[in-house]
Engineer: 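I'd like to ask some things about the structure below.
Residue numbers begin at 1 in each chain, while the letters A, B, ... track the order of the sequences.
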2 protein chains.
Amino acid sequence: MNEATQTISDRIQDKLDDLTRAERQLALSILENYPASGLGPLTALAKDANVSVPTVARMVQKLGYKGYPDFQSELREELRAKAKSPIAKHDTWAGAAPSEHLLNRFTTAVIDNIRLTMGQIDPVKFDEACGLIADQSHHLFIIGGRVTHTLAEYFYLHMQVIRPNLTHVQSTSNTWPHYLLNAKKGDVFVIFDVRRYENNTLKLAEMAHARGARIILFTDQWRSPVHHLAEISLSCRIIVPSAWDSATTTMLLIETMISSVQNLNWSETKERMETLEDMFDQTKLFRKFT
Amino acid sequence: MNEATQTISDRIQDKLDDLTRAERQLALSILENYPASGLGPLTALAKDANVSVPTVARMVQKLGYKGYPDFQSELREELRAKAKSPIAKHDTWAGAAPSEHLLNRFTTAVIDNIRLTMGQIDPVKFDEACGLIADQSHHLFIIGGRVTHTLAEYFYLHMQVIRPNLTHVQSTSNTWPHYLLNAKKGDVFVIFDVRRYENNTLKLAEMAHARGARIILFTDQWRSPVHHLAEISLSCRIIVPSAWDSATTTMLLIETMISSVQNLNWSETKERMETLEDMFDQTKLFRKFT
DNA sequence: CCCGTGTTGTGATATTTTTTTCAAAATTTG
DNA sequence: CAAATTTTGAAAAAAATATCACAACACGGG
């Protein structure tokens, strides 16, 4: 059994369970920008991880090193070895896997999707969309499709905390008329529609549009037909090495939007979030995060 | 022109002519295995290069650093920057927006999350997990939490197409006993649990574990307590400039897993997908993608 | 609710590391 | 070739860094 094959990073992760809270916090901080932070002075590392100086000393001993200097010297040794090996310039995301591994191929594709999607987003339109969604004087409807309803729900889940006056329109088209009956001119519809585009969704969009609603559309690079009716269209690239399309980029955009809308409504959101936390505490559904 | 583009290595080479014999000897020794040797103690470096201790101190000052510690700190900074792959160094993803725009800040954070998450994924464990999930001889249970149930559902949605014999366990704990009654030894549970960790989920995991089920866990960098029971844990970094955590990285991992499992079961999946397409065509729920 | 166990941080102490001083060695120059 | 100049290294002084001992604290079990 050769221990040289195991990097210090691996070693830290293996021992993660044997570490205490503060030590784990430190360990994660080291991994955060590995190996640079571990090569600095102990004091700096401690401050960086928000733990006390002796915690660092104790952890490295738990990891099996004689002391912090010993730990550092091993780190340097590892760096030396890595610099010498010819595969040093290997530029993969999952470093432990070869570049042909699906983990790397998929990640590369997604990063590409993100780059291209962001490259063609109009920030003004984006901010405009956030403004519309943040505006509580109009009702907010959120609609997804067969696959995208999960994204719609994720969006809805967060919007619920940020603002009142919103509805998640479920896919079953029977219930639509009820929803639409309540839709007033100026109300905002957030619609998710990626290929293969759904007739249902288009129908609903048409009806909403006819009633004078404003539509914000999340779609793919080929754009759902709904985009003709939409005031703002956000198209995401969704190509990955798979039989299905990727929702990751769309997810990124959704989360950015959630964060942005939350900022616009911050004073109120804060209260709502605190109330929510209290309620969760009371029901003991969650443990406190330590 | 920014001097930050110049590495310390470059800087040493530029100044090589202004250095004295002993200093040059030292400089070349540093470049010999760069940057590891420069990150050790001054004394070791001096001995390594066969020069005296003060020579080192003098040289780094000639190079323009305040002292040896300053020199080291710059070296570490360089290492830090290098650790981020070239593509991750982008700071304006949405080219049309300034770098302080949320679109850019958020995307940068997510890319960082992806990089750090992938950096610590064990591809062997990942493949193992895919294998377990692809194995149709055991029942597959999928469980999410308050927020993560949307991810669980996304996963379930795709797994439905790939394989039979699976269940999406809804959050309401009333129904659990029924599900668990059917769980046999060797059945596979895919559990999503990110902070703030839910007691419900832990309870279910314990019951499942007690019945001899195998658990695959999607969690965050701090790892849900479920991970003690899990055969395979996949932890994603979820930090973004927002009041909430990001699910984007987890989404990426889920999609990669879907793709991988699908490849393992390809011959069968193909049939199932075609059947599904036919059914959708018949119900005219979707328009054909053109 | 208290106790005991285990964890964490503060401050003092010891060690190592860096800087400075100064004289010897090497190099240059007239 | 010798004097001036520069370079170099040994050793001491100064500064920083790491380790240690102990008290405060938090947590889980009785």
Engineer: In this structure, how many angstroms lie between the P atom of dT8(D) and the CG atom of L19(B), rounded?
Structural biologist: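 To the nearest whole Å, that distance equals 10 Å.
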Engineer: From the set dA18(D), dG9(C), dT18(C), return the single nucleotide nearest to any side-chain atom of Q72(B).
Structural biologist: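 The answer is dT18(C), which lies nearest to the side chain.
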Engineer: Could you state the CD-C1' distance from Q61(A) to dA21(D), rounded to the nearest angstrom?
Structural biologist: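 One finds 14 Å between C1' of dA21(D) and CD of Q61(A), rounded.
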Engineer: Report the distance from atom CD of Q25(B) to atom P of dT8(D), rounded to the nearest whole Å.
Structural biologist: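 Q25(B) atom CD is separated from dT8(D) atom P by 9 Å.
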Engineer: May I have the distance from D18(A) (atom CG) to dT7(C) (atom P), rounded to whole angstrom?
Structural biologist: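 Nearest whole value for this atom pair: 11 Å.
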Engineer: Any side-chain N or O of T55(B) less than 4.0 Å from the OP1 or OP2 oxygen of dG9(D)?
Structural biologist: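 The answer is yes; a side-chain N or O of T55(B) sits under 4.0 Å from OP1 or OP2.
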Engineer: Find which nucleotide of DNA chain C each of G40(B) and R21(B) is nearest to by heavy atoms, and output the residue with the more 5' nucleotide.
Structural biologist: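 The residue mapped nearer the 5' terminus is G40(B).
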Engineer: Does the distance from a Lys or Arg side-chain N to an Asp or Glu carboxylate O, for R24(B) and D17(B), drop under 4.0 Å?
Structural biologist: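 Answer for the salt bridge query: no.
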Engineer: Over 60° means perpendicular and under 30° means parallel, so tell me whether F218(B) and F192(B) are parallel, tilted or perpendicular.
Structural biologist: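 Judged by the thresholds at 30° and 60°, the geometry between F218(B) and F192(B) is parallel.
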Engineer: Nearest whole angstrom, please: distance from the C1' of dA10(D) to the NZ of K47(B).
Structural biologist: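 Rounding to the nearest Å, NZ of K47(B) and C1' of dA10(D) are 15 Å apart.
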Engineer: Hey, are R11(B) and D14(B) close enough for a salt bridge, meaning a charged N less than 4.0 Å from a carboxylate O?
Structural biologist: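 No salt bridge links R11(B) with D14(B).
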Engineer: Is the distance from OP1 or OP2 of dT8(D) to the nearest side-chain N or O of T20(B) less than 4.0 Å?
Structural biologist: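 Yes, T20(B) has a side-chain N/O under 4.0 Å of OP1/OP2 on dT8(D).
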Engineer: What's V53(B) touching, base or sugar-phosphate or nothing? Going by heavy atoms closer than 4.0 Å.
Structural biologist: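 Base contact - V53(B) has a heavy atom under 4.0 Å of at least one base atom.
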Engineer: From the list dT8(C), dT19(C), dT8(D), which nucleotide is the closest neighbour of the side chain of A22(B)?
Structural biologist: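 The nucleotide sitting nearest to the side chain is dT8(D).
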Engineer: Counting distance alone, no hydrogens or angles: does the base of dG9(C) have a donor or acceptor under 3.5 Å from a partner atom on the side chain of R58(A)?
Structural biologist: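 In this structure, the two groups form a donor-acceptor pair.
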Engineer: Send over the distance from D70(B) CG to dA16(D) P, rounded to a whole Å.
Structural biologist: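 From D70(B) CG to dA16(D) P: 13 Å.
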Engineer: Side chain of E23(B) only, please: which of dT17(C), dT8(C), dT8(D) is the nearest?
Structural biologist: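 Nearest nucleotide to the side chain: dT8(D).
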Engineer: For the side chain of L42(A), counting heavy atoms from C-beta on, which of dT8(D), dT19(C), dA18(D) is nearest?
Structural biologist: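 So the side chain of L42(A) is nearest to dA18(D).
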Engineer: Assign P54(A) to base, sugar-phosphate, or nothing according to its heavy-atom contacts below 4.0 angstrom with the strands shown.
Structural biologist: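 The answer is base, as P54(A) lies within the cut-off (heavy atoms under 4.0 Å) of a base atom.
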Engineer: Could you tell me the separation between the OH atom of Y68(A) and the P atom of dT15(C), rounded to a whole number of Å?
Structural biologist: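 It works out to 20 Å between those atoms.
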Engineer: If you assign each of K62(B) and V60(A) to its closest nucleotide in DNA chain D, which residue comes earlier from the 5' end?
Structural biologist: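 Whichever sits nearer the 5' end wins; that is K62(B).
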Engineer: Any salt bridge linking R211(B) with D187(B)? Criterion: basic side-chain nitrogen under 4.0 Å from a carboxylate oxygen.
Structural biologist: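 No, R211(B) and D187(B) are not salt-bridged.
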Engineer: For L45(A) and dT19(D), what is the distance between atoms CG and P respectively, to the nearest whole Å?
Structural biologist: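 It is 12 Å, rounded to the nearest whole Å.
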Engineer: Can we say E23(B) and K62(B) salt-bridge, meaning some charged N sits less than 4.0 Å from an Asp/Glu carboxylate O?
Structural biologist: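 Here E23(B) pairs with K62(B) in a salt bridge, since their nearest N and O are under 4.0 Å apart.
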